[in-house]
*Asks:* 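Quick one: the structure is below, questions incoming.
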Amino acid sequence: MTYRILMVALAAVALVVSGCSTGGHGSAPNFDIDDLASSAGVTPAQAQEGVGCMLLLAQRRLDTGQYQQIAQLIPDGESFKTQATDSCAFKGSISSANELAAAMSDLGLSPTQSSKLEAGVLEYLSKVGEPGVEEMFSGALK
């Protein structure tokens, strides 16, 4: 009898834990920088620094609350910004789409690769963010 109670209790705990692990978002995709790099045809380091450059521009162009909506969705985003800054891919801060394009070029990304990288980030944000967060990010990059 005790064995049955123990097994039922363990099964119940397993169900509760598995239900809580998704955080209510179902099967939200992970932000996988290697997959993002592969789909854009760049190295993982280039992808990290490229995402960092995009985040730097978004931070500059959006108000703090809007930027935080985006930043909280991209794991290691602060690290990517630091990598972009440390790579010397650009001089100063990125404040326009032209400066973003120049920074991406300095990282060795072609315009096509930059577009694919941006599209990958936007697709991810559309899946994990509140409605409209990807448009907000896209608008900040224009």
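Below, each value reflects all heavy atoms present in this structure, side chains not excepted, and no hydrogens, waters or symmetry copies. All values reported here derive from a predicted model rather than from experimental measurement.
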*Asks:* Within the side chain of Ser126, is there an N or O that forms a donor-acceptor pair under 3.5 Å with the backbone of Glu123?
*Replies:*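 Yes: the side chain of Ser126 pairs with the backbone of Glu123.
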*Asks:* To the nearest 0.5 Å, tell me how far Glu130 CD sits from Met136 CE.
*Replies:*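 Answer for the CD-CE pair, Glu130 versus Met136, is 9.5 Å.
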*Asks:* Write down the atom of Asp34, the atom of Pro44, and the distance for their closest heavy-atom approach.
*Replies:*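 The pair with the smallest heavy-atom distance is OD1-CG, 3.3 Å.
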*Asks:* Return the CG to CD1 distance between Asp76 and Ile33, rounded to the nearest 0.5 Å.
*Replies:*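 Output value for this atom pair is 8.5 Å.
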*Asks:* Test side-chain contact (heavy atoms from CB on, under 4.5 Å) on Ile74 and Val121; report intermediate values, then the result.
*Replies:* CA-CA 9 Å; Ile74 300 180; Val121 174; 4.1 Å; yes
*Asks:* If you compare all heavy atoms of Cys53 against all heavy atoms of Ile94, which two are closest, and at what distance to 0.1 Å?
*Replies:*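 Of all heavy-atom pairs spanning Cys53 and Ile94, the closest is CB-CD1, 3.7 Å.
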*Asks:* For Ala101, is there any backbone N or O sitting under 3.5 Å from a side-chain donor or acceptor partner on Ser105?
*Replies:*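 The answer is no, because no donor-acceptor pair under 3.5 Å joins these two groups.
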*Asks:* Check whether Asp63 reaches the backbone of Gln66 with its side chain - one donor and one acceptor, N or O, closer than 3.5 Å.
*Replies:*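 It does hold such a pair.
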*Asks:* Side chain of Tyr124, backbone of Leu73: donor and acceptor closer than 3.5 Å?
*Replies:*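 Side chain of Tyr124 to backbone of Leu73: a pair is present.
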*Asks:* Taking the side chain as every heavy atom from C-beta outward, state whether Leu55 and Tyr67 have any pair of such atoms under 4.5 Å apart.
*Replies:*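 Yes. Closest side-chain heavy atoms under 4.5 Å.
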*Asks:* Is any side-chain heavy atom of Val128 less than 4.5 Å from a side-chain heavy atom of Phe31?
*Replies:*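 Val128 vs Phe31: side chains apart.
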*Asks:* With rounding to the nearest 0.5 angstrom, report the OG to CG distance, Ser114 to Leu109.
*Replies:*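 Spacing of OG (Ser114) from CG (Leu109) equals 4.5 Å.
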*Asks:* I'd like to know if the side chain of Thr85 reaches the main chain of Lys81, judged simply by a donor and an acceptor atom lying under 3.5 Å from each other, with no hydrogens or angles considered.
*Replies:*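 Here the side-chain-to-backbone pair exists.
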*Asks:* Is there a side-chain contact (heavy atoms from CB on, under 4.5 Å) between Met54 and Phe137? Walk through the geometry before answering.
*Replies:* CA-CA 9 Å; Met54 287 185 256; Phe137 187 64; 3.7 Å; yes
*Asks:* Return the OG1 to CD distance between Thr82 and Gln48, rounded to the nearest 0.5 Å.
*Replies:*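 Interatomic distance, Thr82 OG1 to Gln48 CD, rounded to 0.5 Å: 11.5 Å.
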*Asks:* A side-chain contact here means heavy atoms from C-beta on lying under 4.5 Å apart; do Leu56 and Leu100 qualify?
*Replies:*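 The answer is no, as the side chains (C-beta and beyond) never meet within the 4.5 Å cut-off.
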*Asks:* I'd like to know if the side chain of Arg61 reaches the main chain of Ala140, judged simply by a donor and an acceptor atom lying under 3.5 Å from each other, with no hydrogens or angles considered.
*Replies:*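 Yes, the answer is positive, given that a donor and an acceptor are paired below the 3.5 Å cut-off.
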*Asks:* Counting C-beta onward and ignoring hydrogens, is there a side-chain heavy-atom pair between Gln113 and Gln46 closer than 4.5 Å?
*Replies:*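 They are not in side-chain contact.
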*Asks:* Using side-chain heavy atoms (C-beta onward) and a distance below 4.5 Å, is Leu117 in contact with Met104?
*Replies:*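 A side-chain contact exists here, since the closest heavy-atom pair is under 4.5 Å.
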*Asks:* Is there a side-chain contact between Leu36 and Val42, using heavy atoms and a 4.5 Å cut-off?
*Replies:*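 SC-SC contact between Leu36 and Val42 ruled out.
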*Asks:* Less than 4.5 Å apart, any side-chain heavy atom of Asp35 and any of Asn30?
*Replies:*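 No - every pair of side-chain heavy atoms lies 4.5 Å or more apart.
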